[in-house]
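The figures that follow rest on heavy atoms only: side chains count, while hydrogens, waters and symmetry mates do not. Numbers here are sequence positions counted from 1.
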Amino acid sequence: MAAPIPAEELRAAVEPVRAWLAGAAEQPPRSVVGAAVKTSARWLAQQVPGRSVELRVPPHVAVQCVEGPRHTRGTPPNVVETDAATWLRLATGQLTWDDAVGQGTVAASGNRADLSAHVPLLPLRR
């Protein structure tokens with residue numbers, strides 16, 4: 001198991017993408033976006049441990065989170081999939097869960113695939 005991610009590390013990983021997410025800057029290099037996505041998704045999995053929901057942000061990361069029935073093979077019954085910008089906007093509070101689902105930028109399948117209670121990530125709220 002990986003070492004816990006401190007809130008300061010989470011904030012440091014996401015800070016370089018904030019201007020881009022707000023539409024005030026060009027997209028940062030893929031490595032910078034990837035670090036923000038991976039760190040924030042892993043932080044969510046650390047805060048909401050479990051194996052009943054799989055959060056996928058291709059091509060950067062897939063993590064399992066949320067307590068409940070565990071899946072062991074194939075596609076999990078509860079999947080949340082989105083792109084990097086949408087995930088980071090959810091994580092930082094720039095986009096609500098309902099708006100993202102309504103706009104079709106988040107695909108959530110399964111009766112547990114609702115992360116609205118877990119986003120934005122508390123250390124990233126402004």
Compare all side-chain heavy atoms of [X] with those of [Y] and state whether any distance is below 4.5 angstrom.
{"X": "His60", "Y": "Ser40", "answer": "no"}
{"X": "Val32", "Y": "Trp20", "answer": "no"}
{"X": "Val48", "Y": "Val53", "answer": "no"}
{"X": "Val66", "Y": "Asn78", "answer": "no"}
{"X": "Trp87", "Y": "Leu44", "answer": "yes"}

Return the [atom1] to [atom2] distance between [X] and [Y], rounded to the nearest 0.5 Å.
{"X": "Arg89", "Y": "Gln94", "atom1": "CZ", "atom2": "CD", "answer": "6.5 Å"}
{"X": "Glu15", "Y": "Leu10", "atom1": "CD", "atom2": "CG", "answer": "11.0 Å"}
{"X": "Thr92", "Y": "Arg125", "atom1": "OG1", "atom2": "CZ", "answer": "11.5 Å"}
{"X": "Thr86", "Y": "Leu21", "atom1": "OG1", "atom2": "CG", "answer": "9.5 Å"}
{"X": "Cys65", "Y": "Glu54", "atom1": "SG", "atom2": "CD", "answer": "9.0 Å"}
{"X": "Arg11", "Y": "Leu124", "atom1": "CZ", "atom2": "CG", "answer": "7.5 Å"}

Discussion item. Between Thr39 (side chain only) and Ala36 (backbone N and O only), is there a donor and an acceptor less than 3.5 Å apart?
Written reply: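 Not at all, since once roles are kept as given, no pair shorter than 3.5 Å links the two residues.
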Practice prompt. Mark yes or no for whether Arg112, through its side chain, and Glu67, through its backbone, hold a donor-acceptor pair below 3.5 Å.
Written response: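 Such a contact is found between Arg112 side chain and Glu67 backbone.
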Worksheet entry | Any donor-acceptor N or O pair under 3.5 Å, side chains Thr96, Asp98 |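 Distance-only check fails for Thr96 and Asp98.
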Item to complete: Evaluate whether atom CD of Glu26 has more than 12 neighbouring non-hydrogen atoms of other residues, nucleotides or ligands under 6.0 angstrom away.
Response: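 Atom CD in Glu26 is not packed in, count stays at 12 or less.
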Fill in: Heavy atoms of other groups near Gln27 CD, more than 12 under 6.0 Å
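More than 12 heavy atoms, drawn from other residues, nucleotides or ligands, come within 6.0 Å of this atom.
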Worksheet item: Applying the 4.5 Å side-chain criterion to the ILVMFWY set and letting contacts propagate, would Trp97 and Leu122 be lumped into a single cluster?
Response: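 Looking at the clustering, Leu122 is in a separate group from Trp97.
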Minimum heavy-atom separation for [X] to [Y], with atom names?
{"X": "Val63", "Y": "Ala41", "answer": "CG2-O, 3.6 Å"}
{"X": "Ala108", "Y": "Ala113", "answer": "CB-O, 3.2 Å"}
{"X": "Glu81", "Y": "Pro58", "answer": "OE2-CG, 3.4 Å"}
{"X": "Ala84", "Y": "Val33", "answer": "CB-CG1, 3.7 Å"}
{"X": "Gly93", "Y": "Pro120", "answer": "N-CB, 3.3 Å"}

